[in-house]
Structure formats: structure tokens, C-alpha cells
Number of protein chains: 2
Amino acid sequence: MPDPTTAGPDDRHGEESSGPGAARAFRVATLDEVAQRAGVSRSVASRAMNNSRNVSAPKREAVARAAAELGYVPNPTARALATSTAGSVVLALPDDDPALFGDPFFSQVLVGVAAALDRSELNLTLMLASSERGRERLARVLRSRRSDGVMLMGLRKDDPLGRLAAQTDVPVVLGGRPLDADARWYVDVDNRGGARLAAEHLLRSGRRHLAAIVGPVDLQASVARHHGFADAVAAERLPADWVEHADFTYEGGAAAMTRLLAAHPEIDGVFAASDYMASGAMRALRAAGRRIPEDVAVVGFDDLEIARHTEPPLTTVSQPIRGLGHEMATMLIRLIDGDTPTPIILPTHLVVRGSAPGPV
Amino acid sequence: MPDPTTAGPDDRHGEESSGPGAARAFRVATLDEVAQRAGVSRSVASRAMNNSRNVSAPKREAVARAAAELGYVPNPTARALATSTAGSVVLALPDDDPALFGDPFFSQVLVGVAAALDRSELNLTLMLASSERGRERLARVLRSRRSDGVMLMGLRKDDPLGRLAAQTDVPVVLGGRPLDADARWYVDVDNRGGARLAAEHLLRSGRRHLAAIVGPVDLQASVARHHGFADAVAAERLPADWVEHADFTYEGGAAAMTRLLAAHPEIDGVFAASDYMASGAMRALRAAGRRIPEDVAVVGFDDLEIARHTEPPLTTVSQPIRGLGHEMATMLIRLIDGDTPTPIILPTHLVVRGSAPGPV
DNA sequence: CCAGCAAGTGGGACCGCTCCCACTTATTTC
DNA sequence: GAAATAAGTGGGAGCGGTCCCACTTGCTGG
């Protein structure tokens, strides 16, 4: 009866089993071994490890001791198979998006997500899903229950990722709202309100010829910021159509500014829907001989680090980027736990710096 | 004998058991069901799916068809348990490091890693391991074989992460070398050579009073850049000790520059070990009334986007950040496959812009 | 005194896959 | 033509957990 589990006294927990030469195959202890050492059944050991009920104090302690001595670490894969939960969530996003990757935006989201996940036992799997392969992988992961939930960011209009996520039975939390589908669960930033704040600030400081540089039309955040700008300008019965689209990049912002100046030389205030674009716009303004803020005031959006380092420092709309990640993860956890959270809109606020000082 | 596998004809896969609208508890098909539908044993089905040998053409095809019809997706967890491989690797790094998170550095590494992983079947798990909890989690993951390999970045001197990684039997690839331990497998950038390039460029353009702003002493990359600077300056028998330390941030660079100016007003060239610090130094120089590059030339390191947007644009040492991530992942994959790769040092090169033009 | 109950215990059936191995059938080889 | 070899097949034992459930106990209460 060559049963290794009951083999004999020489069966100590395998520090080292001679592998086939290359790598040492360190065999970690299993629950069976812990149970055996503690003199209890595997069931009891399992209950003790998960400290659930129906384990007497002495046995619970014996198991704890045996586990410690053996350096036992539960095998998450086995647990995952048995419970059919993965123990991990995925964060999926396109990797070719300058709005996400051109700056510390993404890193900050990640830090927030990781912080929230840190309290749970969930691991974070990252999927950059812009390539076709990447998409397929995400689809497979979603269908195979390899993950307990998904966070999706940077969704554009008609993004196949959205449809993919809608088809799965795994909880999905969106970062930002999609333009087309209406999502059940999402965390967004008050883009419209923030943009309105920016435009109102310009108006309040006496600017009367406002232009805006906004992002691509297939991003909800972009459209919302555009709306916010228009809200404020229209409220003053000023023309709200001095608007150029760019791609959230520095160069794009500069080019848009140049176009705006050509069309409307009397511009005295600019709202750019990202700090990078604002920064580019400032270069274009300087190149055109305009002084900032004397001739033209500039307000950005994001409050990235760069905003503190432009010359003059950039007045901008601050959004809680880490908070976005944190709330997304928190919402996902609640969803996984069976709760029914409600969508969250995070507040934005204006940070006034030199590029657009307030009314004196 | 109540064997569920041969239970009866009413045992079909539950595709249409739940309504089309409210996707709930969708039971995905198992290999058993595929096998049954294809009229073969599970063994054959398994072989067919993994297209290994010993499957006749007709059966292979039957399995493929059945799998397609059932929308079969293999359960990675079960596979992981059976093969005792995880199917994923982890990228671990501290999340409180401005050198990693203050700029798009980290995102770029990630894109490189993801691109390399995209060719394999490996998933990427991200662990931000600066908190004590995070460290413990990483340790558990390493011991539980939940991961097939680890990439470690941003290791500082005496970092517990290093010891943690050394104790595991899972392959470990380092991004950058640690200062204390000597790593088996790592991918690094030629920091020393790059810094030398920077200093030599300043010298070649006629600068004779060089200072440097370098990073913290517990980072190997930082020390190496310092060395590279010293190499070049010492070769010209010029003083190589006009050096201040900062923390890779803009503010730190500005403060260091101020200190340097106070100590050595005759400075006519500055090497800053990061673009952010260079950018801060430029602000300090302007504040002190120095013209760039007429009075003082400035060279940075990294070639981040910001370098193109400073005024004047920053001459800097370009390093292949995505390449770093890509090579790390590639090396890890080779390690997992049982190969024995050799450490890699990626080349750096100088990008000349306005802040330090070349010799005329 | 025995049914009734709660706490505690361990046997064993899963979870869904891989892979070894005994076995059948077709193809060589001497 | 028998033996050896190759190709194909499916049974079944794991992988390392979870968890249901039948089965002791020790107490309570009628």
C-alpha cells in the first residue's frame, strides 16, 4: 500500500525533494500534513484555519501550532477551485490612451485601488486590453471565472470592452461613465461641475472672451467638461462655441490654442480640459506674444504635479484621482460581497494659482 | 451506481436554464461536458484542447466543435491546481517612491511588461508592497506558489523585499540592481554610462564648472549616475565634488540647485539625475537670474515627456523605460521556462535640446 | 430514563483539470 | 507469422482545499 500520506515516520514535511536537476522543488506543507501533525482530521484543521465554529479550543490551538511549525500557507488555487471564487479582481484598461498614460494619472488610480484592496484578501490583476489579443484574454478571463470582479477604465464610445463586460456575470465597476451604455455601477468625477467652476472663475475675474480646449468627443469625461464650460458661459449669455478639440496631450493643446487665437484674437480666458493641454496652450500663447495671466488667463483640469511647475503655476480643477481608484475598488468589493452600492460622483474643486488669479 | 458523469440524457449543460436577461449563476461548461458531447473520454478531450499528440484527426475535430458549441473556456484554476503552476506572475514595487510614481515612469514599465506577457499565457498581478500588510501578502504569495515568478522594482538598500525574494524558490527578476545583495537576474539601465555621457556633453561644449544633483544614496541607480558624472569630470581633472543630493522630485531639485549656487556661484553646467530635478533646478536658476543655457547649461536624465516641454527644452539622457519592463518580463518568462538567461544592461543615449546645446 | 439538542468531530464527495498507465488496435520488422 | 513498435483511447488517481453530513459526546428537560 504505497500511500505517501501514511507512509511512515520518515515522512517529514518535505524540505526538499530532489527535483530533476534544475530548480529545487520545495514542497510546501499541505493542510493534511498540518492536520496529521496536530492529531486532528483535515476537516477540523480546515475549520481551525478559517477560524469558523465547531472547533474546541485545544484543537484549534494545536492546529495553529502545527501550522506555524510547518510554515503552512494555504494553497489559494486549491481554495479557489473548491469555493469557485478566484480571490482576485482585474483592472482592465486600454494602454494606448494618452489621457490615462501620459501622466501620473494612472499610477495614482492604481495606488488608490491597491489601498482599498489591501484590506480585503483580493489580489489585483492588471490587463491592458487594447490589442486584439488583450481583448480576447480579458474575455476569456471574464468567462472563466478566474476573477471575482472587474474594474474598467477609459471606456470610449462603442468600446467593445463595454459589451464584453456587460455579457459577463461577474460584477463590473466602471471608472467614469461610458457614453453609450448606461452603466449600473460606476465611480466618476464631477467633470461637469468642475469645468463649470473653472469657467465661472474666469468670468468672475472679469474675462469676457472665453475659449475652451476640450478632449475627444468619444469620452464621456471630455463631453462633460465641455458641457460644464458651456453651462457657465451660456449663463452669462456669452458665446459658448469658441471650442477646439484636442487629444489631452501637450502638443494637441498647443495646436488647438493656435487655432483658437487665429479664429478669435480677442480671447482673454482659456479653459483647457487637462493640465497637459493647458500647458501646451500656455506655450502657444507665449509664442503668440500673449502674457499670462495679464492678456489671457488659463485654467486647466486634473491638478497633476505639472500644474505646480508651469510658469506661471497653473490654476486648475483638482480631482481626487486616488479617491477614484479607491472608490472603484471599494464598490467592487461591496458588489462581490453581495451588497448593492450606488454610483458615486466624486467632487472636484478649483485650485487657484498664477495662470488665472481670482478677482482682486 | 450514481455516477453523475453517466447520469443520463437530461444532464445537459445549463446554457438556457436561466433567462437571457438577468444573467445569474451562469454555469460554464466543463471539459467533461465537452467530452461527452464530442463522444470521447475526458482524457482525449483534454489532449485535444491542449493540442498534444495522440488524438486522431476526427476526434480532435469533434472536440473542437463541441467546445465551440458549448462556449467552453477551460477553468484556469483547475488547471493551475492540477499542474501546480499559477499562470501568473507578480510585479511588486513600493508605492511610495516618487522616483517610480511621480511621473509616467511606472506606467511605461507596465506597458512594456504587459506587452511581453501578452505573448505568453501569463497574467500580471500587481502588488504594491510598501505597507507591512502588503509585504506580508507578498510573502504569502511567494510561499503559496500562487505565482510563477516575480519582478521586483525600486529596491532600496536593506529593503526587506529583497530578502523576501531571495528566500523563495520562485524565479525572481529585478528591475535595477540592489545595492547590497548581488542579484542573479536583473535588467538594468546603463545609468553610469548615461550620466557620463551627460557630463561629457557639458564638458565638450566648453563648460568647466560642473555640478550635479543626484538622488538618494540608497538607490543603486542613483549611485551609478553619480559615479558616471564623477567619471567624466575626474577625467578632465576637474573637481567632482560639487554634488547635492535630492529625492528625484521637482522641489528637491530646486532646493539642491539653490544650495549649489550658494556654494559655487561660478557653476556653468549642471547634471541632474532626473528630469524632474532638472526641471526644478531650472526654476531655481532662473530665480537666481541665470540664463539657460547661456550662463548655465542643464542636462537631465530619463527623457520623460516633461523634458520636451520645459523652457528651454531639456537636454537629457534617454533610457528605454518600456524596454526595461519588456526585458524584465521576457527574462522572467525564460526563467520560468527553465532557461538560464543572463543579466541585461540596456543602453542609454543623449538627447540634445535647448537647455544644453552641443558645441557649436 | 430517555428523547432532544448543541457542540464537536472526521469521513468522504466534490471543484475541474492533467497525466500516468493499462489496454486495444494498426503498422512494422525480422 | 509472431513479436515488437507505434498510435490512439479512456479509466482513474491525484492536485489541496471546502463543506455537507452522519456520527459521537455531554447536557438539558419532560
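Note on naming: letters A, B, ... go to the chains in the order of the sequence lines (proteins, then strands), and numbering restarts at 1 for each one.
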Identify, with sequence neighbours excluded, every residue that meets side chain to side chain donor-acceptor pair (under 3.5 Å) alongside B:Asp118. A:Ser131

Residues that A:Ala38 engages under side chain to side chain contact (heavy atoms under 4.5 Å, CB included), provided they are two or more places apart: A:Val40, A:Ala62, A:Val63, A:Ala66

Which ones in residues 39-56 of chain A lie close to DNA chain C, meaning a heavy atom under 4.0 Å from one of its atoms? A:Val40, A:Ser41, A:Arg42, A:Ser43, A:Val44, A:Arg47, A:Asn54, A:Val55, A:Ser56

Short of 4.0 Å, heavy atom to strand atom, which residues of residues 60-67 of chain A count as contacting DNA chain D? none

What is the distance from CZ of B:Arg145 to P of D:dG17, rounded to the nearest Å? 14 Å

Return each pair, listed once, that meets salt bridge (charged side-chain N to carboxylate O under 4.0 Å, His left out) where at least one residue sits in residues 324-334 of chain A; pairs must be two or more places apart or across chains. A:Arg334-A:Asp339

In residues 73-83 of chain B, which ones come under 4.0 Å of DNA chain D, going by heavy atoms? B:Leu81, B:Ala82

Partner of B:Met127 by side chain to side chain contact (heavy atoms under 4.5 Å, CB included), out of B:Leu142, B:Val141, B:Leu152: B:Val141

B:Lys59 has its side chain closest, among D:dG10, D:dG17, C:dG16, to D:dG10

Let me have the donor-acceptor pairs involving side chains of residues 53-61 of chain B, under 3.5 Å, with sequence neighbours excluded, atom names and distances please.
{"residue": "B:Arg60", "atom": "NH2", "partner": "B:Ser52", "partner atom": "O", "Å": "2.6"}

Integer-rounded Å distance: D:dG16 C1' and B:Arg143 CZ: 16 Å

Atom CZ of B:Arg146 to atom C1' of D:dG16: distance rounded to whole Å? 14 Å

For B:Arg135, give me all partners under salt bridge (Lys or Arg N to Asp or Glu O under 4.0 Å), at least two apart in sequence or on another chain. B:Asp159

CD1 (B:Ile333) and CG (B:Leu117) are apart, to the nearest 0.5 Å, by 5.0 Å

Please table the atom pairs, donor to acceptor, closer than 3.5 Å between any side-chain atom in residues 72-83 of chain B and protein atoms at least two apart or in another chain.
{"residue": "B:Asn75", "atom": "OD1", "partner": "B:Thr77", "partner atom": "N", "Å": "2.8"}
{"residue": "B:Asn75", "atom": "OD1", "partner": "B:Ala78", "partner atom": "N", "Å": "3.1"}
{"residue": "B:Arg79", "atom": "NH1", "partner": "B:Asn50", "partner atom": "OD1", "Å": "3.2"}
{"residue": "B:Thr83", "atom": "OG1", "partner": "B:Arg79", "partner atom": "O", "Å": "2.7"}
{"residue": "B:Thr83", "atom": "OG1", "partner": "B:Thr85", "partner atom": "N", "Å": "3.4"}
{"residue": "B:Thr83", "atom": "OG1", "partner": "B:Thr85", "partner atom": "OG1", "Å": "2.9"}

Pairing residues for A:Arg42 by the salt bridge (Lys or Arg N to Asp or Glu O under 4.0 Å) criterion, not counting sequence neighbours: A:Asp32

Quantify the bending of the helix from C:dC1-D:dG30 to C:dC30-D:dG1 as the angle between its end axes, each fitted on five pairs, to 10°. 50°

Under 4.5 Å between any side-chain heavy atoms of B:Arg137 and A:Asn123, yes or no? yes

Would you mind reading off the distance between A:Leu31 atom CG and D:dC15 atom P, rounded to a whole angstrom? 14 Å

With B:Glu121, which residues qualify under side chain to side chain contact (heavy atoms under 4.5 Å, CB included), at least two apart? A:Arg133, A:Arg140

Rounded distance (nearest 0.5 Å) linking atom CE of A:Met153 with atom CE of A:Met151: 10.0 Å

Validation row: B:Pro341, B:Trp185 side chains within 4.5 angstrom (heavy atoms): yes

